[in-house]
Chemist: 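The following block contains the structure, expressed as structure tokens.
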Amino acid sequence: MKFLNYGLLLFIALISLESKAQTELSGLRLKAEYIPLSRYIPAGDAGKTEQKSDMRRIEGGISIPLSMKVDSLGRAKVWAVTLGGSYARIKNQNYETQLFPEELLNASVGLMHIRPLGKSWNMMFMASAGVYTDMKGISSQDILVMGGVIFIKQFNPNLALGVGPVVSNTFGVPMVLPAIFLNWKTNGKFQIMVNFPEKVELAFKASEGIRLKAVAEVSSMTADVGRKDEALLSYLQVISGFQPEFKLGKSLTLQLTAGASLYRSMEFTSRKLKDFFKTKEDNPPHFETTAYGAIGLKWNFGKR
């Protein structure tokens, strides 16, 4: 289970840098979100505590094509640079000793390449390097490198499934973990979109400029916090809510989200490879369900 959990965290961190590379080859996205104070539940659910933490986060990313060629079948071969980052402020209350950091920063630069392989296969290569820190000084331990190659089968215009390896130096030596990519959508006034592992959407197209959506999203952050035995902080968040989307122009979109933070965890683990395979807690430390709100902007420089 731990193997799959870390694979999911790394793949979310990597794929989010590409800003939906399959459909938006150049664009800018910004999002600000807020999760109010919610009660911290220690490992094993040892009873309620008065310890609480919130989360205020700003994240964004930009994709800049370096080259783009389209073959006779209309398929693109693209090289692009990606820049992405998240900055979070955390307010902690009623902790006897400071458990969680007050700030987190993830900032990365990446390279992406997409090319067709045969009539129905595509390859997506991604590599990134960045700083993942709690803002208490930056050292070589805060620099993480990630990369992956995903082979994608395009079954039809609405369904694509991909698999491939993801590599990271999170545990010192480069470690290979499996990744699965799924993109499925329907057309019409009522739409379903599944973009695994990031998002599921149910949408109603009210007009050309307004879409009303119910969404579920997964996101993550990672940081080296400098602890002797548990230096790696892994943050995982699952939210759901109502998300109206408004087109403000040909390429600018505004998204408002109101809902709930269904699951939120901050775990400290060792960065030693030998500790990676140790049994994980059945009920890891997490926070109670609480409210969630966000506002986001997307600006597409161009589409396929």
Side-chain angles (χ1 to χ4, degrees), residues 4-20 24 29-41 45 51-61 84-93 100-106 132 180-185 191-204 210-223 233-246 253-267 283-298:
L4 295 176
N5 285 348
Y6 278 112
L8 178 62
L9 282 168
L10 291 174
F11 189 53
I12 290 171
L14 181 65
I15 201 72
S16 64
L17 297 177
E18 314 313 326
S19 188
K20 299 176 179 60
E24 298 172 11
R29 59 183 174 86
L30 292 171
K31 184 169 74 170
E33 59 183 9
Y34 175 63
I35 300 174
L37 288 167
S38 61
R39 197 185 307 273
Y40 173 64
I41 302 173
D45 195 8
Q51 301 166 341
K52 298 179 180 180
S53 298
D54 71 355
M55 173 74 78
R56 289 154 287 173
R57 182 166 65 161
I58 297 175
E59 62 176 356
S86 296
Y87 172 74
R89 292 278 298 179
I90 304 168
K91 182 179 180 180
N92 301 300
Q93 283 188 356
F100 301 118
E102 296 179 349
E103 294 179 283
L104 291 175
L105 174 67
N106 290 178
Y132 297 78
I180 299 175
F181 170 87
L182 172 65
N183 195 319
W184 175 65
K185 61 182 179 179
Q191 300 173 336
I192 302 173
M193 189 191 82
V194 178
N195 188 0
F196 181 85
E198 284 190 286
K199 179 187 290 189
V200 176
E201 294 183 356
L202 303 176
F204 170 67
I210 301 176
R211 296 174 70 219
L212 306 177
K213 302 189 295 183
V215 301
E217 298 179 359
V218 180
S219 61
S220 68
M221 293 186 75
T222 301
L233 171 64
S234 298
Y235 174 75
L236 181 65
Q237 171 180 298
V238 181
I239 68 97
S240 69
F242 175 63
Q243 187 180 85
E245 182 178 275
F246 307 95
T253 302
L254 170 68
Q255 290 181 335
L256 304 174
T257 309
S261 171
L262 301 178
Y263 181 82
R264 188 164 59 108
S265 69
M266 283 192 278
E267 291 188 73
N283 188 11
H286 60 282
F287 295 89
E288 285 186 335
T289 298
T290 189
Y292 172 87
I295 180 170
L297 285 172
K298 293 194 299 183

Chemist: Hey, what do you get for CG (L236) to CE (M221), rounding to the nearest 0.5 Å?
Modeler: 12.5 Å
Chemist: Side chains of R264 and Y235: closer than 4.5 Å at any heavy-atom pair?
Modeler: yes
Chemist: Look up atom CD in Q93 and atom NZ in K52, then write down how far apart they are to the nearest 0.5 Å.
Modeler: 7.0 Å
Chemist: Let me see the working for K199 and M193 under side-chain contact (heavy atoms from CB on, under 4.5 Å), right down to the final yes or no.
Modeler: CA-CA 8 Å; K199 179 187 290 189; M193 189 191 82; 4.1 Å; yes
Chemist: Go through it in stages, so that I can follow the logic: the residues are I90 and M55, the test is side-chain contact (heavy atoms from CB on, under 4.5 Å), and I'd like the CA-CA distance, side-chain angles, deciding distance and then a yes or no.
Modeler: CA-CA 5 Å; I90 304 168; M55 173 74 78; 4.1 Å; yes
Chemist: Would a 4.5 Å heavy-atom cut-off, applied to side chains only, mark Q255 and K213 as touching?
Modeler: yes
Chemist: Quick one: OH on Y87 to CD on E59, what's the gap to the nearest 0.5 Å?
Modeler: 14.5 Å
Chemist: Is there a donor in the side chain of E288 and an acceptor in the side chain of S38, or the other way round, less than 3.5 Å apart?
Modeler: no
Chemist: Kindly indicate, with the supporting measurements, whether the criterion side-chain contact (heavy atoms from CB on, under 4.5 Å) is fulfilled by E33 and E217.
Modeler: CA-CA 13 Å; E33 59 183 9; E217 298 179 359; 5.9 Å; no
Chemist: Between CG of L256 and CD of Q243, what distance do you get to the nearest 0.5 Å?
Modeler: 8.5 Å
Chemist: Just so I know, are the side chains of S219 and R57 near enough to count as touching, which here means a heavy-atom distance under 4.5 Å?
Modeler: yes
Chemist: Does the side chain of L37 reach to within under 4.5 Å of the side chain of T290, using non-hydrogen atoms?
Modeler: no
Chemist: Can you confirm whether R211 sits close enough to E201 that some side-chain heavy atom of one is under 4.5 Å from a side-chain heavy atom of the other?
Modeler: yes
Chemist: Let me see the working for L233 and Y132 under side-chain contact (heavy atoms from CB on, under 4.5 Å), right down to the final yes or no.
Modeler: CA-CA 10 Å; L233 171 64; Y132 297 78; over 6 Å; no
Chemist: Salt bridge or not for E103 and R89, using N-O below 4.0 Å?
Modeler: yes
Chemist: Can you find a pair of side-chain heavy atoms, one from I35 and one from D54, that are under 4.5 Å apart?
Modeler: no
Chemist: State, yes or no, whether a side-chain contact exists between L30 and I58 at a heavy-atom distance under 4.5 Å.
Modeler: no
Chemist: Under the 3.5 angstrom rule, does the side chain of N106 hit a backbone N or O of S86 as a donor-acceptor pair?
Modeler: no
Chemist: Would you please classify the geometry between the H286 ring and the Y263 ring as parallel, tilted or perpendicular, with 30° and 60° separating the classes?
Modeler: parallel
Chemist: Nearest heavy-atom pair of Y292 and Q237: which atoms, and what distance?
Modeler: CE1-NE2, 3.9 Å
Chemist: Side chains of N92 and S53, heavy atoms from C-beta outward: is any pair under 4.5 Å?
Modeler: yes
Chemist: On a heavy-atom basis, which atom in P285 and which in S265 lie closest, and how many Å separate them?
Modeler: O-CB, 3.4 Å
Chemist: Got a second to check how far L212's CG is from F246's CZ, nearest 0.5 Å?
Modeler: 7.0 Å
